[in-house]
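First comes the structure, then the notes that go with it.
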Amino acid sequence: MPAPYTPKHVVPRIVGVDVARGLALLGMFSVHVFGAFDEAGSATPAWMFAGGRSSATFAVTAGIGLAFTTGGRRPATGRPATVAVAARAGVIALIGLLLGFASRAADLDVDVILAFYALLFLLAIPLLGLGPRTLAGLSLTLAVGAPFAVHALRGVLPEPAFDGDPTLLDVLTDPLGLLSDLLVHGDYPVLAWTAYLCAGLAVGRLDLTARKVAPRLLGGGLALVAGIWLLSDLVLFRYDGLRHLWRAEFPGASRAEALWDSPDGTTWWALLSRAPHATTPFDMLLTLGSAAAILGGALLLTRSALLTRALTPLAAAGSMPLTLYAAHVLLLATGALSGSPELLYAVMTTGALLFALSWRHVGRGPLETVVAGAARRCREAVTPPRPPEPVTDPARLSRHTE
């Protein structure tokens, strides 16, 4: 049975998970700085290597973190756990919607992910008591089936009235549009992205210190990527799927765009795409495999004390992703160094690593402290007080009976 929720059920940090999260963070930075396509219309290296994979790994590690804060291998459920997770989701949503003002004012092409994460956390509450096998099966089922549901519902649910990232104002002026944006219309449709969170919860319910877990994650992830890539090659090139996709979704565009850009989803042919953020079965399974492989590789590397020390800056950044993610959005919104993407990326990554290294001696990242504090206070508010311990010492017992 799931254990009752207590603070003791929070799992200690695992360096390999922080390293994987740090890699995902730097990958997201690169995609936001360099964009998807260059002036010649070719996909940038950042988009080919980090596009979709970094945000998926970020989501999977978010699921791992959620598993750690709700008991790890001994899932904790009940009202205190529910309230704590809901509080985390509320604060993360607030931060994301506030960042939306900066993103929209600067007309950034960033697509702030935090509001989507908040809804993912809320939808994960009923799943907290499930075991790793059930969660893994649910993750794969959603990765294959949810893209079809997202495609169908995009024609049913209303499109949001706002353009760009959602803001706190949209909660009041367009609540239905905001909900449909988070569920199906946005770049991280929660209906499908729950697959990543389920995968993270499944991994977080395992003993990540066991010697067999990391190689299985690495090998299984690489096998999934290789298998799905070969299958998509057959569909796209041998059986002419790319030509149908090209004609239906990318009229007048180049072959590179048809292969690497996410389709608008106006036809069912869009589901053949394997492009980053296409939200198709190929895209979901490829990025799930990539996230598993990255995580497994990071866990293996951090078994070495020497490599662990070398990866300390990356692990430090991965321990405070919310703070660094918010900071990079604000930096992009200023427009500083926008004409020099290489320099901007160097400044952004160096600044993030140095800040994380310096701040880790203080404790959690600033925004992580806010989120954890809100969750703790809400949890404590609904946790029933412990009954007084029975008096067993004879001397104390005699005093109680006098």
Side-chain angles (χ1 to χ4, degrees), residues 24 27-28 30-31 35-37 43-63 111 113 116-117 120 136 138-154 182-200 220-237 239 241-242 244-246 248-250 253 255-295:
M28 293 176 79
S30 71
V31 171
F37 295 91
T44 62
W47 187 245
M48 287 191 287
F49 288 102
R53 294 180 179 86
S54 54
S55 53
T57 304
F58 206 52
V60 170
T61 55
D111 304 314
I113 201 171
F116 297 86
Y117 269 20
L120 279 173
L138 182 58
S139 173
L140 291 174
T141 301
L142 286 170
V144 174
F148 292 89
V150 169
H151 182 90
L153 288 173
R154 279 176 177 165
L182 297 178
L183 285 173
V184 299
H185 285 297
D187 288 289
Y188 318 100
V190 166
L191 192 61
W193 276 58
T194 304
Y196 298 127
L197 200 74
C198 286
L222 290 176
L224 181 59
V225 169
I228 297 301
W229 191 269
L230 289 174
L231 179 60
S232 66
D233 266 359
L234 285 174
V235 171
L236 291 173
F237 301 113
Y239 296 108
L242 181 59
H244 291 293
L245 174 65
W246 194 351
E249 295 287 330
F250 299 95
R255 180 186 176 92
E257 287 181 80
L259 190 59
W260 285 101
D261 198 6
S262 54
D264 292 330
T266 54
T267 70
W268 287 96
W269 291 111
L271 291 172
L272 295 182
S273 177
R274 68 181 181 197
H277 295 292
T279 315
T280 65
F282 286 151
D283 168 44
M284 298 290 295
L285 291 171
L286 284 171
T287 48
L288 269 175
S290 297
I294 290 169
L295 181 61

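Here the CG atom belonging to Leu142 is positioned 4.5 Å from the CG atom belonging to Leu138, to the nearest 0.5 angstrom. Distance check, rounded to the nearest 0.5 Å: CD1 of Ile113 to CG of Leu120 gives 8.0 Å. To the nearest 0.5 angstrom, Leu222 atom CG is 14.0 Å from Trp229 atom CH2.
Looking only at distances, no side-chain donor or acceptor of Thr57 sits under 3.5 Å from a matching main-chain atom of Ala24. A distance-only check finds no donor-acceptor pair linking the side chain of Glu257 to the backbone of Phe250 [under 3.5 Å]. Side chain of Trp193 to main chain of Thr279: no donor-acceptor pair is present (N/O by atom type, distance under 3.5 Å, no hydrogens or angles). The closest donor-acceptor contact from the side chain of Arg154 to the backbone of Gly265 lies at 3.5 Å or more, if one exists at all. Remark: side-chain polar atoms of Trp47 are not paired, donor with acceptor, to backbone N or O of Asp261 under 3.5 angstrom.
Surrounding CZ of Phe49 are at most 12 heavy atoms belonging to other residues, nucleotides or ligands under 6.0 Å away.
Minimum interatomic distance between Ala270 and Leu245 (heavy atoms only, all atoms of both residues): CA-CD1, 3.8 Å. Shortest non-hydrogen contact noted between Leu288 and Ser139 is CD1-OG, 3.7 Å. Of all non-hydrogen atoms in Tyr117 and Ser55, the two that sit nearest each other are OH-O, 3.9 Å. Across Ser262 and Ala275, no two heavy atoms sit closer than the pair N-CB, 4.0 Å. When all heavy atoms of Ser273 and Pro263 are compared, the pair lying nearest together is OG-CD, 3.7 Å. When all heavy atoms of Pro276 and Asp283 are compared, the pair lying nearest together is CA-OD1, 4.0 Å.
Partners of Arg53 under the side-chain hydrogen bond (donor to acceptor under 3.5 Å, both in side chains) rule, at least two apart in sequence or in another chain, are Ser290.
Looking only at side-chain heavy atoms (C-beta outward), Leu153 and Leu183 stay at 4.5 Å or farther from each other. Side-chain contact between Leu259 and Leu236 is present, with at least one heavy-atom pair separated by less than 4.5 Å.
Using modelled atom types and a 3.5 Å distance limit, the side chains of Thr287 and Tyr196 yield a donor-acceptor pair.
Between Trp269 and His244, the ring planes are parallel. Angles under 30° get that label, and only those over 60° would be called perpendicular. The aromatic rings of Trp268 and His151 are tilted relative to each other, their planes meeting at an angle between 30° and 60°.
A side-chain contact (heavy atoms from CB on, under 4.5 Å) with Phe282 is found for exactly one of Val235, Val144, Leu271, namely Val235.
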Worked verdict on Leu242 versus Leu272 for side-chain contact (heavy atoms from CB on, under 4.5 Å): CA-CA 8 Å; Leu242 181 59; Leu272 295 182; over 6 Å; no
Residues Leu140, Leu285; criterion side-chain contact (heavy atoms from CB on, under 4.5 Å); working and verdict: CA-CA 8 Å; Leu140 291 174; Leu285 291 171; 4.0 Å; yes
